[in-house]
Amino acid sequence: MASQIERTPGVRDIVTRSAYALDLWLAANRRLYLAAACLVCFVANLGYAHFRVIASDECLQMIIFRQPDVRAIWNSLIAGVQVDPPVADTAIHYLFRIFGDRLLLARLPSVVTFSLMCLCLSLIVWRYAGAIYGAAAFFMPFATSLRSWGSLSRPYAPLLGFSALALLCWDRLQDPELRHVRRWRVALVLSLAAAFSTHFYSITILFPLALAELAKWRIRKRIDWPALLCMAVAFIPYLVWSPILVASTRTFLPHPFPSPAFKTLYEFYGDMLFSLPWVGALLLMLLAGAYIGLSDGGGQPRKQVLVATRPLLVFCAGCLLLPVCGAVITAMRMSLYGPRMSLISLFGLIVGLPLLIDLAGARKAIGLALFAAMAGNAALVAAQGAMRLRAREAPYPALAEFRRLIPEHPDIVLPETNSFLPLVETNRNDPENSLVYLFDTAKQLAVRGSDTPDVASRIIQGRSRDRKSVV
């Protein structure tokens, strides 16, 4: 029996043959490919997590992890040391008690959940656009700024991972022939509840989901009440943790940092993408289209697939609109918009772009071009990550080095939290720690338009040892 490659009319050049061969191999070995891709993703982010020096936000996170008990963790969050639900902080608190206080251990949940995000988004694209586009979608997050959150202890990667899992469960429930519907609904509730328990920014996923439900209602002429009930039940944990959000809003919102500005929205999309892999993908797709042809000419776009994917495409559009909605809400002074609030917006690009290319009837060679660019970029990132498993970024210096240079000055004064907090963390076991943070709230407001760093500095006093602060 002739293979699909041999039966395909007009297949004469090596690129087209390679594209069909890769698509067939991926379709036949999906589990093997996804397992290998998850391993590559895990090793890459583990290397960066091992290598990267601690960030100032992580210093605050470590203060919470080291609190003596769960009540102290809750009180720290209510006070505003960080503005997160307490679930992840409590889990890592107990991991520290079992395995020891290590930064890499605190970053490990982000390493794992970033791989979960890539896997779930890949499976969604794989279902509608086929193997080669699904395989490309796995590595598309590596070409965005999402990659930077896969190796830090802040809960943005868990937010993305569980949100992607919730999207996968929601999408599977659209299949009229789905088996074990109740299990998928339970999975949707649990994954959404987990997302709502990682970070308060997780609420942003409700906007694109609501738009997608409206699109589904218009297509089916009926409301999907079970899906809405699942979302409502999953939202309960968010309400439980909301006192933390309310308290922090009262503390920080009067003079927010960063201050709202149209420039924040204008630059958001450019800052979220790393240009080289996307330009490379566009170049390869243009070459493939020019020399091979863009369309298979098989009656595309496919009407049935378009109808099936319409709610998902609306979800993607809603994701891409999130920064705009955030800017409008900020302009109305109802909340504060910042780039991190809209990280989920990149789901719209990662899922929507391969779907649109496939729906346009593009040849497999176009998919091969996208896969080559994304997998090639991921290979470079993974290679760098693997090499970083054997190295470390230059840490902040020990205070003994400062004392050796200036022995006559007992105190070391810093006016900037981004330097002060990592230095304190690096020297937290130094019995002669003499760091002093000098802050002036009135000057912060005059110069930067925000007193957030100084307010945070007051909050952390007494919650971490070996710390001095002077007003």
Side-chain angles (χ1 to χ4, degrees), residues 116-118 120-125 127-129 137 140-141 144-146 149 156-175 184-185 187-189 191-196 198-220 223-235 238 265 268-269 272-273 306-330 334-335 337-356 359:
L116 175 65
M117 176 194 68
C118 294
C120 293
L121 297 181
S122 176
L123 288 172
I124 293 169
V125 175
R127 178 187 174 197
Y128 296 107
M140 287 174 71
T144 72
S145 65
L146 299 184
W149 300 109
Y156 295 109
L159 180 158
L160 295 166
F162 288 117
S163 296
L165 180 58
L167 178 60
L168 174 64
C169 296
W170 175 87
D171 179 68
R172 289 297 172 90
L173 286 169
Q174 315 313 311
D175 185 355
W184 281 103
R185 285 175 179 163
L188 174 60
V189 171
S191 55
L192 260 182
F196 289 142
T198 57
H199 199 292
F200 289 112
Y201 291 168
S202 57
I203 196 174
T204 55
I205 196 175
L206 290 180
F207 175 70
L209 278 177
L211 293 181
E213 285 296 324
L214 287 174
K216 187 167 58 175
W217 171 49
R218 184 173 181 181
I219 294 169
R220 299 182 179 181
I223 298 175
D224 189 350
W225 291 110
L228 297 180
L229 180 61
C230 289
M231 295 178 199
V233 173
F235 193 67
Y238 196 96
L265 169 64
F268 172 81
Y269 298 100
M272 288 290 105
L273 303 178
L306 177 59
V307 172
T309 58
R310 188 173 294 166
L312 184 59
L313 291 173
V314 172
F315 175 89
C316 294
C319 286
L320 293 174
L321 285 172
L322 277 174
V324 179
C325 296
V328 171
I329 291 173
T330 299
M334 295 171 60
S335 182
Y337 165 72
R340 296 180 189 180
M341 289 186 66
S342 303
L343 291 177
I344 292 176
S345 66
L346 288 174
F347 285 11
L349 176 67
I350 296 167
V351 175
L353 179 62
L355 289 181
L356 287 177
L359 285 171

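Residues: numbered from 1 along the sequence shown.
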Please report the closest heavy-atom contact between Thr198 and Pro158, naming both atoms and the distance.
CG2-CB, 3.8 Å
Phe315 side chain reached by Ile205 side chain, heavy atoms, under 4.5 Å
yes
Closest heavy-atom contact between Met341 and Thr204?
O-CG2, 3.4 Å
If I compare all heavy atoms of Ala166 with all of Leu188, which pair ends up nearest, and what's the gap?
O-CD1, 3.4 Å
Heavy-atom closest contact (Pro354 atom, Ala129 atom, distance)
O-CB, 4.1 Å
Are any non-hydrogen side-chain atoms of Leu160 and Leu146 less than 4.5 angstrom apart?
yes
Determine, stepwise, if the pair Arg172 / Leu168 fulfils side-chain contact (heavy atoms from CB on, under 4.5 Å).
CA-CA 6 Å; Arg172 289 297 172 90; Leu168 174 64; 4.1 Å; yes
Test log, rule side-chain contact (heavy atoms from CB on, under 4.5 Å), inputs Ile344 and Leu159:
CA-CA 9 Å; Ile344 292 176; Leu159 180 158; 3.7 Å; yes
Taking C-beta and beyond as the side chain, do Ile350 and Val125 meet within less than 4.5 Å on heavy atoms?
no
For Ala157 and Trp149, which heavy atoms make the closest approach, and how far apart are they?
CB-O, 3.4 Å
More than 12 foreign heavy atoms under 6.0 Å from CZ of Arg218: is that the case here?
no
Output for pair (Ser163 OG, Trp170 CH2), nearest 0.5 Å, gives 14.0 Å
Sub-4.5 Å side-chain heavy-atom contact between Ile219 and Pro311
yes
From CH2 (Trp184) to SG (Cys230), nearest 0.5 Å
13.0 Å
Heavy-atom distance under 4.5 Å between the side chains of Asp171 and Tyr128, does that happen here?
yes
Measuring from atom CG of Leu346 to atom OG of Ser145, what distance do you get when rounded to the nearest 0.5 angstrom?
5.5 Å
Any idea which heavy atoms bring Leu349 and Met140 closest together, and the distance?
O-CE, 3.8 Å
Main-chain N/O of Ala187 paired with Ser191 side-chain donor or acceptor, under 3.5 Å
yes
Distance in Å, Leu123 CG paired with Leu167 CG, rounded so as to fall on 0.5 Å steps:
11.0 Å
Is the shortest heavy-atom distance from the side chain of Leu312 to the side chain of Gln174 under 4.5 Å?
no
Side-chain contact, heavy-atom cut-off 4.5 Å: Phe235 with Ile203?
yes
I'd like to know if the side chain of Ser345 and the backbone of Leu322 have a donor-acceptor N/O pair within less than 3.5 Å.
no
So CG of Leu214 and CD1 of Ile223: to nearest 0.5 Å the spacing works out to 9.0 Å
In Å, rounded to the nearest 0.5 Å, how long is the span from CG of Leu211 to SG of Cys316?
11.5 Å
In terms of relative ring orientation, are His199 and Tyr201 parallel, tilted or perpendicular, with 30° and 60° separating the classes?
tilted
Side-chain heavy atoms of Asp224 within contact of Leu173, under 4.5 Å
no
